[in-house]
Peer 1: 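Provided herewith is a single structure, encoded as structure tokens, for subsequent inquiry.
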Number of protein chains: 2
Amino acid sequence: MSPNRQFKNEIYEQFSRIGKAVSNPRRLELLDILCQGERTVEGLAKETNMPIASTSQHLQVLKNSRLVEQEKKGLYVVYRPAPMVCEFFLSMRRIAETRIAEIEQIKNRFLAGKEGMEPIDRDTLLHRIREDAVTILDVRPREEFKAGHIEGAVSVPLEELGLMLAKLPKNQEIVAYCRGPYCVLSIQAVELLNKEGFHALRLEEGVQDWRAMGLPVASGE
Amino acid sequence: MSPNRQFKNEIYEQFSRIGKAVSNPRRLELLDILCQGERTVEGLAKETNMPIASTSQHLQVLKNSRLVEQEKKGLYVVYRPAPMVCEFFLSMRRIAETRIAEIEQIKNRFLAGKEGMEPIDRDTLLHRIREDAVTILDVRPREEFKAGHIEGAVSVPLEELGLMLAKLPKNQEIVAYCRGPYCVLSIQAVELLNKEGFHALRLEEGVQDWRAMGLPVASGE
DNA sequence: CTACTATTCAATAATATTGTTGAATAGTAG
DNA sequence: CTACTATTCAACAATATTATTGAATAGTAG
């Protein structure tokens, strides 16, 4: 084999390590969650309904292809995405969304029968924010809120939403968001709120999308 | 299985179609070439030293994952990348380059022993261009030049370079570029030019990189 | 030291991907 | 109509990936 050909083979072989890492649906789900903030193996396993051993193995594949980093913190090992990885994942998601028609179908099928799930669009929301006429709820686990959230949003993890109902305004629009279009937390939140007589809407975008649109993101409590 | 879990499984399954498409080194090489402009199956097979049947099969995988489009033109079928795919590929390449140390090693090993291959950096080149003190050669096949090239560059496909030597300036710097850092055309061009007594340098960036840096790209003859 | 915990390892069977080969197809040219 | 061409299909063996299971490890807590 010519040296030129061998060079190319070796280079593209290395490139394909990144591709192999994102060629498996479970690993993509893990990456998606990690892009919300670092997590322990156990936490990821719970979130994805996967056995812990499988989760660990997939995380090691991601680590070997350099898409995630690992750090021991006390009793736990936490994983987090490497730099640029979340942007890369977003770019992949965008291609899939615009090019693969099945995704729209799956979404529609899932939402069929659920009322009031048409997502609020960004411009309407920005307008309401400027008028101070909306409450924005971040219904993800609190640790993800801390790692980064839409400026002005309040952290109300889905599990705590039931207890917080009394503190929410009945006469003002409530907008709930979570990790993005394929995370069901905000859907469940809006369902509950509307059943309880609130005027609730869903924001489809997650923090990643929000940031990518150039809109303000805060972190901490 | 809960409806929520099934929804996620189906969605990430769809996302992984994109990942699977880019998990194979041959397909990545095909994509890389296609990002220079559309090509026939035969042309791609020749360029990659692959059997035609394999090339066709890989192209169909890319088509099924919606990363490339197909069009019959006369006797040939031409393939071209779908919108956003080249940006996605570039983003993947960037991650690989910065995170996977082996790539740098492979490059160094390949370049070892070749003289004068240190690439010229962008700012130096821009300075020379402003002074009109440089000739830029695009040494890719002419069809790729037509599909898009650095503004001001001259098309001299590597095969024709030998015949064109007489027309090139001996007293002025010559900069050759091709598809990017992993395409060997510009390396061969610079080797030849320096052997013939020209003052030649290599530009590592390709048209994609050039455009991504916000620099002017032209197309046509 | 012992018990315990979170994570990783190892081995297996089931499934999927790969390159290769030669044949089939569809469309062009004469 | 016939010959030809570019591409695709089909089938195979070789290899790789996957989920699952239970055991091993390393480090913490008491």
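Order of the sequence lines fixes the chain letters, A, B, ..., with proteins taken first and strands second; residue numbering starts at 1 for each chain. All of these numbers come straight from a predicted model, not from anything done at the bench. All values below were derived from every heavy atom in this structure, side-chain atoms included, with hydrogens, water molecules and symmetry-related copies excluded.
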Peer 1: Of the nucleotides D:dT7, D:dT17, C:dA6, which has the atom closest to the A:Tyr76 side chain?
Peer 2: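 Between D:dT7, D:dT17, C:dA6, the one nearest the side chain of A:Tyr76 would be C:dA6.
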Peer 1: Check this one for me: any side-chain N or O of A:His58 less than 4.0 Å away from OP1 or OP2 of D:dA19?
Peer 2: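 Checking A:His58 against D:dA19: at least one side-chain N or O falls below 4.0 Å of OP1 or OP2.
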Peer 1: Any idea which of D:dT5, C:dT8, C:dT17 is nearest the A:Val41 side chain?
Peer 2: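 Taking heavy atoms from C-beta onward, the closest nucleotide is C:dT8.
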Peer 1: So, B:Asn64 versus B:Arg17: side-chain donor-acceptor pair below 3.5 Å or not?
Peer 2: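 Their side chains do not contain a donor-acceptor pair, so the 3.5 Å distance test is not met.
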Peer 1: Rounded to the nearest angstrom, tell me the gap between atom CG in B:Asn24 and atom C1' in C:dT18.
Peer 2: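 Going from CG in B:Asn24 over to C1' in C:dT18 covers 8 Å.
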Peer 1: Is any side-chain nitrogen or oxygen of A:Arg26 closer than 4.0 Å to OP1 or OP2 of D:dT18?
Peer 2: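 The answer is no; no side-chain N or O of A:Arg26 sits under 4.0 Å from OP1 or OP2.
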Peer 1: Checking side-chain contact (heavy atoms from CB on, under 4.5 Å) for the pair B:Arg202/B:Tyr177: CA distance, chi angles, key distance, verdict?
Peer 2: CA-CA 6 Å; B:Arg202 187 167 87 96; B:Tyr177 77 92; over 6 Å; no
Peer 1: Atom CG of A:Leu44 and atom P of C:dT8: how far apart are they, to the nearest Å?
Peer 2: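 It is 11 Å, rounded to the nearest whole Å.
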Peer 1: Just by distance, with hydrogens left out, do B:Tyr182 and B:Glu204 show a side-chain donor and acceptor under 3.5 Å apart?
Peer 2: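 Looking only at side-chain atoms, B:Glu204 and B:Tyr182 do not form any donor-acceptor pair under 3.5 Å.
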Peer 1: Measure from OH on B:Tyr12 to P on D:dA19 and round the result to the nearest Å.
Peer 2: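 In whole Å, D:dA19 P lies 15 Å from B:Tyr12 OH.
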Peer 1: In whole angstroms, how far is the C1' atom of C:dT18 from the CE atom of B:Met50?
Peer 2: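 From B:Met50 CE to C:dT18 C1': 12 Å.
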Peer 1: Tell me the partner of C:dT28, counting only Watson-Crick (N1-N3 plus N6-O4 or O6-N4) or G-U wobble (N1-O2 and O6-N3) with both under 3.5 Å; none if nothing fits.
Peer 2: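 Pairing partner: D:dA3.
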Peer 1: Heavy atoms under 4.0 Å is the rule here; annotate nucleotides 20-26 of chain C 5' to 3' with B where the base is hit, S where only the sugar-phosphate is, and - elsewhere.
Peer 2: BBB----
Peer 1: Strictly distance-based, threshold 3.5 Å: is any side-chain N or O of B:Asp32 a donor or acceptor partner for the main-chain N or O of B:Leu28?
Peer 2: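 The answer is no, because no donor-acceptor pair under 3.5 Å joins these two groups.
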Peer 1: Go through it in stages, so that I can follow the logic: the residues are B:Gln208 and B:Glu87, the test is side-chain contact (heavy atoms from CB on, under 4.5 Å), and I'd like the CA-CA distance, side-chain angles, deciding distance and then a yes or no.
Peer 2: CA-CA 8 Å; B:Gln208 297 292 320; B:Glu87 292 84 348; over 6 Å; no
Peer 1: Counting side-chain heavy atoms from CB outward, which of C:dT8, C:dA6, D:dT5 is closest to A:Gln60?
Peer 2: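 When the side chain of A:Gln60 is considered, C:dT8 is the closest of C:dT8, C:dA6, D:dT5.
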Peer 1: Provide, to the nearest angstrom, the distance between the CD atom belonging to B:Glu42 and the C1' atom belonging to D:dT7.
Peer 2: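 Going from B:Glu42 (CD) to D:dT7 (C1'), I get 10 Å.
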Peer 1: Tell me if the CD atom of A:Glu115 is crowded by more than 12 foreign heavy atoms within 6.0 Å.
Peer 2: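 Atom CD in A:Glu115 is not crowded, with 12 or fewer foreign heavy atoms closer than 6.0 Å.
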Peer 1: Assign A:Thr40 to base, sugar-phosphate, or nothing according to its heavy-atom contacts below 4.0 angstrom with the strands shown.
Peer 2: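 Sugar-phosphate, no base atom in range.
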Peer 1: Just N and O in the side chain of A:Gln70: are any of them under 4.0 Å from OP1 or OP2 of C:dT8?
Peer 2: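 The answer is yes; a side-chain N or O of A:Gln70 sits under 4.0 Å from OP1 or OP2.
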Peer 1: Could you walk me through whether A:Tyr76 and A:Arg39 pass the side-chain contact (heavy atoms from CB on, under 4.5 Å) test, one step at a time?
Peer 2: CA-CA 9 Å; A:Tyr76 298 84; A:Arg39 280 306 193 86; over 6 Å; no
Peer 1: Mapping A:Arg27 and B:Tyr79 onto DNA chain D by nearest heavy atom, which one lands closer to the 5' end?
Peer 2: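 It is B:Tyr79, whose closest nucleotide lies nearer the 5' terminus.
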